[in-house]
Amino acid sequence: MRKRAADERTTEGERPMITRLEGSWCLVLGASSGMGLAIAHELAREGVHILGVHFDTTDGQERAAVAREEMRGHGVEAHFFNANAASARTREELLPRFEELTGGTGIRIVVHSLAFGTLLPYVGAEGEDSLTARQMNMTLDVMAHSLVYWTQDLFTAGLLREGAKVYAMTSAGGTRVMPHYGAVSAAKAALESHVRQLALELAPSGIAVNALRAGVTPTPSMERIPGSDRLAVHARDLNPHRRLTRPEDVAEAVSLLSRTDSSWITGNVIGVDGGELLT
């Protein structure tokens, strides 16, 4: 009833700003675990068809296959591709497939949730390895620059249209420092800069681009950070909600922000952390 009333309030020639997600398509880069997986599940429950790209070994592929079937249980299409999302060849191979699967409707939501990078220090202690140029370049290419390349190719292929939303997952590490996090911190800072530039350039096309800054969240990528257990305890004690951010919190934010055709919320770093940075 509320949706009908909202539709009736629009004048002739206008389109309702709040729209249904059901029947649209979402592309998740990094779909097999953590925030990417939670977002895919949440949107599938909302009736969104899912395209997932992930890069996993056998165990990870099996978990992705289970997740895909769970999503299909909501009556949507779900297609997962085990490939290196940071590779130009992957984009070349998958874009024609995406065009075919979406049937000319385009992709409504793009989620960049790639968490693969080095955790070596810039200057290692005696007997400890230090970051190399190759590792630095790899980390920034995967976690930051690939957002630009995917957005470029999706837009050129006509898969991103007015009303589309692009989200990149960032963290407070983009402006803070901690041991072993230097390259990832640099990648997050670059990612946020890319978001602002893409937002500027895609605004005339009605496409919104934002970064979502989750709080400390228990994910497989976080568990690889040395000292993550102490970081989790510290963040939980400081958070006004007295708990850590959950992947599902981020998924709900994506669902909420994607329910408008407006591109007026764009170029931002949006906190999804329960007020963690307030304290």
Side-chain angles (χ1 to χ4, degrees), residues 1-7 9-10 14-31 33-52 67 70-71 74-76 78 105-113 147 151 160-172 191-192 195-196 198-199 202-203 205-219 239-241 243-278:
M1 294 292 292
R2 287 195 295 264
K3 180 180 184 299
R4 186 183 305 119
D7 289 346
R9 284 198 297 270
T10 61
E14 292 181 342
R15 53 186 170 80
M17 299 298 285
I18 304 301
T19 62
R20 293 171 59 88
L21 296 178
E22 185 177 0
S24 62
W25 286 86
C26 173
L27 168 62
V28 181
L29 305 173
S33 66
M35 296 179 196
L37 179 60
I39 291 167
H41 274 302
E42 174 68 21
L43 293 178
R45 285 190 289 269
E46 296 292 338
V48 178
H49 305 302
I50 305 297
L51 300 168
E70 290 174 349
M71 293 171 200
H74 296 293
V76 302
T105 61
I107 295 174
R108 169 83 178 187
I109 302 165
V110 177
V111 176
H112 183 280
S113 183
L147 169 71
T151 304
L160 289 182
R161 303 171 184 176
E162 185 177 6
K165 306 288 184 286
V166 179
Y167 302 102
M169 301 298 117
T170 189
S171 73
L191 182 73
E192 293 173 16
V195 163
R196 291 188 288 270
L198 288 169
L202 292 176
S205 299
I207 298 168
V209 186
N210 289 287
L212 301 182
R213 189 197 65 237
V216 173
T217 309
T219 63
N239 196 301
H241 289 79
R243 70 167 175 84
L244 297 179
T245 301
R246 301 174 184 135
E248 291 75 18
D249 297 319
V250 182
E252 289 177 359
V254 170
S255 176
L256 177 65
L257 290 168
S258 300
R259 294 174 182 275
T260 173
D261 283 332
S262 172
S263 57
W264 221 246
I265 298 176
T266 193
N268 301 289
V269 176
I270 301 172
V272 188
D273 63 0
E276 180 179 301
L277 286 191
L278 297 177

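For this chain, numbers begin at 1 and follow the sequence in order.
- Under a 4.0 Å N-O distance rule, the pair K165/D261 does not qualify as a salt bridge.
- In terms of the side chain to side chain contact (heavy atoms under 4.5 Å, CB included) criterion, residue partners of S171 (sequence neighbours excluded) are, by chain and number, Y181, K188.
- When the ring pair (Phe, Tyr, Trp, His ring centres under 6.0 Å) test is applied to H49, the partners found at least two apart in sequence or on another chain are W25.
- Contact annotation: the side chain of I109 never approaches that of V28 to less than 4.5 Å [non-hydrogen atoms, C-beta and beyond].
- Taking CZ from R246 and OG1 from T219, the interatomic distance works out to 14.5 Å, rounded to the nearest 0.5 Å.
- Among all heavy-atom pairs drawn from I265 and A208, the shortest one is O-CB, 3.5 Å.
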- Message: What verdict does the side chain to side chain contact (heavy atoms under 4.5 Å, CB included) test give for L29 and V111, after you've listed the backbone C-alpha separation in whole Å, the side-chain angles of each residue and the deciding distance to 0.1 Å?
- Response: CA-CA 6 Å; L29 305 173; V111 176; over 6 Å; no
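- Residues M35 and L212 fail the side-chain proximity criterion, which asks for heavy atoms closer than 4.5 Å.
- Rounded to the nearest 0.5 angstrom, L51 CG and L27 CG are separated by 6.0 Å.
- When all heavy atoms are compared, the tightest approach of T245 to A214 is CG2-CB, 4.5 Å.
- The side-chain heavy atoms of I39 and E248, taken from C-beta on, include no pair separated by under 4.5 Å.
- V269 has its side chain within reach of T170: a pair of non-hydrogen atoms, C-beta onward, lies under 4.5 Å apart.
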Enumerate, atom names and distances included, each donor-acceptor pair closer than 3.5 Å involving a side-chain atom of residues 251-260, sequence neighbours excluded.
{"residue": "S255", "atom": "OG", "partner": "R259", "partner atom": "NH2", "Å": "3.2"}
{"residue": "S258", "atom": "OG", "partner": "Y167", "partner atom": "OH", "Å": "2.8"}
{"residue": "S258", "atom": "OG", "partner": "V254", "partner atom": "O", "Å": "2.7"}
{"residue": "R259", "atom": "NE", "partner": "S255", "partner atom": "O", "Å": "3.3"}
{"residue": "R259", "atom": "NH2", "partner": "E46", "partner atom": "OE1", "Å": "2.8"}
{"residue": "R259", "atom": "NH2", "partner": "E46", "partner atom": "OE2", "Å": "3.3"}
{"residue": "T260", "atom": "OG1", "partner": "M17", "partner atom": "O", "Å": "3.1"}
{"residue": "T260", "atom": "OG1", "partner": "S262", "partner atom": "N", "Å": "3.0"}

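- Interatomic distance, L43 CG to M71 CE, rounded to the nearest 0.5 Å: 9.5 Å.
- When the side-chain hydrogen bond (donor to acceptor under 3.5 Å, both in side chains) test is applied to R213, the partners found at least two apart in sequence or on another chain are D273.
- Heavy atoms only, all atoms of each residue included: G36 and S113 are closest at N-OG, 3.6 Å.
- For T266 (side chain) and V209 (main-chain N/O), a donor-acceptor pair under 3.5 Å exists by modelled atom type.
- Remark: side-chain polar atoms of N239 are paired, donor with acceptor, to backbone N or O of H241 under 3.5 angstrom.
- In terms of heavy-atom proximity, P240 sits nearest to G275 at CD-O, 3.4 Å.
- Minimum interatomic distance between A211 and V195 (heavy atoms only, all atoms of both residues): N-CG1, 3.7 Å.
- Applying the side chain to side chain contact (heavy atoms under 4.5 Å, CB included) criterion to A164, with sequence neighbours excluded, gives L160, I207.
- The CD atom of E70 sits 9.5 Å away from the CZ atom of R45 when rounded to the nearest 0.5 Å.
- A salt bridge links R243 to D249: one of the charged nitrogens lies within less than 4.0 Å of a carboxylate oxygen.
- Nearest heavy-atom pair across P247 and A38 is CB-CB, 3.5 Å.
- One finds the OG atom of S24 at 10.5 Å from the CD1 atom of I107 (value rounded to the nearest 0.5 Å).
- Residues that satisfy the side-chain hydrogen bond (donor to acceptor under 3.5 Å, both in side chains) test with E22, not counting sequence neighbours, are R20.
- To the nearest 0.5 Å, the span separating CE on M169 from NE2 on H112 amounts to 10.0 Å.
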